[in-house]
Protein chains: 2
Amino acid sequence: MISDGARTYSISELSRMFEVTPRTIRFYEQEGLLEPQRRGQTRVYHDKDRVRLKLTLRGKRLGFSLAEIREVIELYDALPDGNARQLRRLLELLAEKRTNLQRQEEDIRLMRRELDDVEGRCREALEALPENTEG
Amino acid sequence: MISDGARTYSISELSRMFEVTPRTIRFYEQEGLLEPQRRGQTRVYHDKDRVRLKLTLRGKRLGFSLAEIREVIELYDALPDGNARQLRRLLELLAEKRTNLQRQEEDIRLMRRELDDVEGRCREALEALPENTEG
DNA sequence: CCCAGAGTTGACGTTAACGTAAATCGCCGA
DNA sequence: TCGGCGATTTACGTTAACGTCAACTCTGGG
C-alpha cells in the first residue's frame with residue numbers, strides 16, 4: 001500500500017502513525033468521524049481519512065467531545081452545497097469554537113504563571129535544603 | 001458569611017460563583033482537591049479553597065484529570081518542607097505540564113487556521129446562494 | 001414549638017470513550 | 001494444504017466525573 005498517487009493506509013498503519021489503537025479508529029468510524037472504503041471486509045483508508053483522524057485527535061487534545069467534532073465535520077462535508085440554514089449553523093459553531101479557543105489561551109496564560117510561581121518556590125525550597133551534596 | 005478579614009463561603013455560594021453543582025464540589029473534596037473546615041456537619045470554605053477550586057476548574061478546561069491536578073496540589077502543599085525527592089518530583093511534574101501547554105498552544109494555532117479556512121469556504125458558499133434576500 | 005430551607009450522607013445510575021476477549025474470516029508463503 | 005498473521009465482528013467490561021434520589025439533621029424565624 002505504498003504505491004503513490006492516491007496512497008491508502010491499513011488500520012494498523014494509521015494506528016501506528018497516530019499512536020492510537022485500531023479499536024479507537026473503528027470506534028471513531030462508528031461515531032461517524034471516519035468513512036473508510038472497504039476491500040472485501042477490510043477497511044481501506046485514504047488521505048482524507050488520515051486528515052480527519054488528525055483533526056479529531058487535535059480536537060480531543062483541546063477538550064472537544066467526539067460529538068462536537070463530528071458536527072463540524074458533517075457540516076463541513078456538506079459545505080459547498082449546504083443550504084443557508086446549515087451554513088449559518090456552521091458559522092455559529094465556528095464562532096463558538098473560537099470563543100472556546102480564546103478562553104483556553106487565557107487559561108494557558110494563567111496556568112503558566114502559576115507554574116512559574118510554583119517552580120520558583122520549589123527551587124527556593126531546594127536551595128534551602130541542607131543536603132545539597134548530590135547533583 | 002460576609003464579614004471581612006477572613007471570608008468564608010458556603011457550598012452553595014461557591015457553587016454559584018463557579019457555576020458548578022454542590023455535588024461537584026463535594027466530589028472534589030472526596031478526591032482530595034479541597035479540604036474545607038466544618039462547623040458542625042456543615043462545610044465552611046475559605047479563600048484557600050476558593051482558589052483551589054478555581055485552579056481545579058481551570059485545569060479541567062485544559063484537559064487535565066482530577067488525579068493530575070491533585071498530585072500537583074498535594075506536592076505544592078507539602079512544599080516548603082518537602083524532601084528533595086518530592087521537590088524533584090514536583091519539578092518533573094511542572095515540566096510535563098509545560099510541555100503539555102506548549103502542545104496545546106500549537107494545537108490552538110492549527111485549529112484557528114482550520115477554522116479560518118472553513119469559515120472562508122462557508123462564506124463563499126453563502127455568497128453563491130441565489131436567495132440572499134434576508135439579512 | 002414547629003417548619004421551611006440549606007446542608008449532609010449513602011447509594012445507585014449514567015455517559016463518553018474506549019479496553020478486552022472470543023470467535024471468525026481471508027490471504028499468503030512454505 | 002496448512003498454519004499464521006492481520007483484520008473483523010460482537011459483546012461485555014471499565015474508568016472518570018459527576019447526576020439523581022431518598023432519608024436525615026440542623027438552624028433560624030415566626
Side-chain angles (χ1 to χ4, degrees), chain A residues 1-3 7-46 49-50 52-74 100 107, chain B residues 1-3 7-46 49-50 52-74 100 107:
Chain A
M1 299 204 181
I2 309 199
S3 87
R7 254 212 82 166
T8 70
Y9 310 85
S10 73
I11 197 169
S12 56
E13 270 179 303
L14 274 190
S15 146
R16 264 166 291 161
M17 292 182 70
F18 294 103
E19 305 189 63
V20 297
T21 69
R23 170 67 172 120
T24 297
I25 297 179
R26 290 193 201 99
F27 181 71
Y28 288 175
E29 175 181 351
Q30 179 184 323
E31 296 298 301
L33 294 163
L34 302 173
E35 295 174 312
Q37 289 188 339
R38 296 283 179 138
R39 195 175 133 195
Q41 74 175 350
T42 299
R43 276 165 256 251
V44 176
Y45 299 89
H46 293 78
D49 299 300
R50 185 181 50 75
R52 276 201 191 180
L53 180 51
K54 187 171 58 177
L55 295 183
T56 299
L57 294 174
R58 181 176 301 147
K60 280 218 62 191
R61 286 196 302 272
L62 292 176
F64 298 129
S65 72
L66 296 183
E68 287 177 291
I69 299 170
R70 182 186 49 205
E71 192 171 9
V72 175
I73 288 186
E74 275 175 357
N100 211 313
D107 282 333
Chain B
M1 299 207 182
I2 309 199
S3 88
R7 254 211 82 167
T8 71
Y9 309 85
S10 74
I11 196 168
S12 57
E13 269 178 303
L14 275 190
S15 147
R16 264 167 290 161
M17 291 182 72
F18 293 102
E19 306 189 65
V20 297
T21 68
R23 170 67 171 120
T24 296
I25 297 180
R26 288 192 202 100
F27 181 71
Y28 289 174
E29 174 180 353
Q30 180 183 324
E31 296 297 301
L33 294 163
L34 303 174
E35 297 173 310
Q37 290 189 336
R38 297 282 178 137
R39 195 175 134 195
Q41 74 175 350
T42 300
R43 277 165 255 253
V44 176
Y45 299 88
H46 292 79
D49 300 300
R50 185 182 49 75
R52 277 201 191 182
L53 180 52
K54 187 172 56 178
L55 295 183
T56 298
L57 295 173
R58 181 178 301 148
K60 281 218 61 190
R61 286 196 303 271
L62 292 176
F64 298 129
S65 71
L66 296 184
E68 288 177 290
I69 299 170
R70 181 187 49 204
E71 193 172 7
V72 175
I73 288 186
E74 275 176 358
N100 211 314
D107 282 333

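Computed from a predicted structure; not experimentally measured. First the proteins, then the strands, lettered A, B, ... as listed; each starts at 1.
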Rounded to the nearest Å, what distance is computed from the [atom1] atom of residue [X] to the [atom2] atom of nucleotide [N]?
X	N	atom1	atom2	value
B:Phe64	D:dA17	CZ	P	13 Å
A:Leu57	C:dC18	CG	C1'	13 Å
B:Glu13	C:dG7	CD	C1'	13 Å
A:Arg38	D:dT8	CZ	P	6 Å

* To do: Could you check B:Lys54 against B:Met17 for side-chain contact (heavy atoms from CB on, under 4.5 Å), going step by step and ending with a plain yes or no?
  => CA-CA 10 Å; B:Lys54 187 172 56 178; B:Met17 291 182 72; over 6 Å; no

* Salt-bridge contact A:Arg38-A:Glu29 (side-chain N to carboxylate O under 4.0 Å) -> yes

* Asked: Is the backbone of A:Val20 close enough, under 3.5 Å, to the side chain of A:Ser15 for a donor and an acceptor to pair up by distance?
  -> yes

* Any sub-3.5 Å donor-acceptor pair from B:Arg70's side-chain atoms to B:Leu66's backbone N or O? -> no

* **Residues which pass side-chain contact (heavy atoms from CB on, under 4.5 Å) with B:Val72, listed by chain and number, not counting sequence neighbours** => B:Leu93, B:Lys97

* To do: Can you sort out the partners of B:Asn100 under side-chain contact (heavy atoms from CB on, under 4.5 Å), two or more places apart, ordered by chain and number?
  => B:Phe64, B:Gln104

* In terms of the nearest nucleotide of DNA chain D, which residue is placed more toward the 5' end: B:Leu66 or B:Gln41? -> B:Leu66

* Structure fact -> Within residues 17-36 of chain B, those residues having any heavy atom closer than 4.0 Å to DNA chain D are B:Thr21, B:Arg23, B:Thr24, B:Phe27, B:Tyr28

Any side-chain N or O of [X] below 4.0 angstrom from OP1/OP2 of [N]?
X	N	result
A:Arg43	D:dT8	yes
A:Thr42	D:dT8	no
A:Lys60	C:dC18	yes

